[in-house]
Amino acid sequence: MSSSLQQELIAAIRNIADYPKPGIMFRDITTLLGNPRAFRRAIDELVHPFAGTKIDKVAGIEARGFIMGGAMAHQMSAGFVPIRKKGKLPHDTVSIAYSLEYGVDEMEMHRDAIKPGEKVVLVDDLIATGGTAEGATKLLQQMGADIVAACFIIDLPELGGRKKLEALGVEVRTLISFDGH
Ligand code: AMP
């Protein structure tokens, strides 16, 4: 990926210090989504590695993973599967607890959303500690998904999320990275 595209994406992201709490630099992608060229280029770059590979489903993590995942699924002629916070999905679900910085939460997907052996790309906007994506990975793997890759616009490498997913045998693709939290 060209460094000029990386610079363009970095410039399109808004950085908000001390949100949602002191010491966190929030990487706000709403400005990237609102920028037609940056949004298109980010999605093009994320789907590019899968050209020529049949992807059955894109699984997006609520909520920003829905926006990116919908665009990616459309471009790859794949289906879209939402991975949601507990209690939001109307039909039979499977759920998994995952660790947050403080405590645990649960995420769910519909039991019939993935057939065993389907090729799935997992997507969210950002990977930090990897707790969220690790939960989603385990949920998909439990349902027999073949996770081809997990994709994120932003990596915070100091927090080690990539290594967590790689330990589960999942290839991780990110477009840009920032130092710190
Ligand atoms: P983690 O489970 O620690 O990898 O956190 C990833 C999830 O939290 C993703 O859904 C991100 O959208 C969100 N997140 C974590 N840290 C940040 C940050 N610095 N800026 C924006 N979103 C973040």
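This one's a predicted model, so the numbers in the text were calculated from it and none came from an experiment. Note that ligands are numbered from 1 as they come in the structure, with each ligand's atoms numbered from 1 the same way. Just the heavy atoms: all of them, side chains too, but no hydrogens, waters or symmetry mates, feed the values below.
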Residue pair Arg37, Glu8: steps toward the salt bridge (charged side-chain N to carboxylate O under 4.0 Å, His left out) verdict: CA-CA 9 Å; Arg37 179 179 151 108; Glu8 184 176 338; 2.8 Å; yes
Check residues 130-141 and write down every donor-acceptor pair under 3.5 Å in which the side-chain atom is one partner and the other belongs to a residue at least two apart or another chain.
unit_1 : atom_1 : unit_2 : atom_2 : d
Thr137 : OG1    : Ala133 : O      : 2.8
Gln141 : NE2    : Leu168 : O      : 3.3

Is there a chain of hydrophobic side chains (I, L, V, M, F, W, Y, each step under 4.5 Å between heavy atoms) that links Ile154 to Ile61? no
N/O donor to acceptor pairs below 3.5 angstrom from side-chain atoms of residues 65-75, sequence neighbours left out:
unit_1 : atom_1 : unit_2 : atom_2 : d
Gln75  : NE2    : Asp44  : OD1    : 2.6

Asp146 with Lys119: basic N within carboxylate O range, under 4.0 Å: yes
Ligand 1: protein N/O within less than 3.5 Å of ligand N/O:
unit_1   : atom_1 : unit_2 : atom_2 : d
ligand 1 : 2 (O)  : Gly131 : N      : 3.4
ligand 1 : 2 (O)  : Thr132 : N      : 2.9
ligand 1 : 2 (O)  : Thr132 : OG1    : 2.6
ligand 1 : 3 (O)  : Thr129 : N      : 2.8
ligand 1 : 3 (O)  : Thr129 : OG1    : 2.5
ligand 1 : 4 (O)  : Ala128 : N      : 2.8
ligand 1 : 4 (O)  : Thr129 : N      : 3.1
ligand 1 : 4 (O)  : Gly130 : N      : 2.7
ligand 1 : 10 (O) : Asp124 : OD2    : 2.7
ligand 1 : 12 (O) : Arg64  : NH2    : 3.2
ligand 1 : 12 (O) : Asp125 : OD1    : 2.7
ligand 1 : 12 (O) : Asp125 : OD2    : 3.4
ligand 1 : 19 (N) : Met25  : O      : 2.9
ligand 1 : 20 (N) : Arg27  : N      : 2.9

Under the side-chain hydrogen bond (donor to acceptor under 3.5 Å, both in side chains) test, residues paired with Asp124 that sit two or more places apart: none
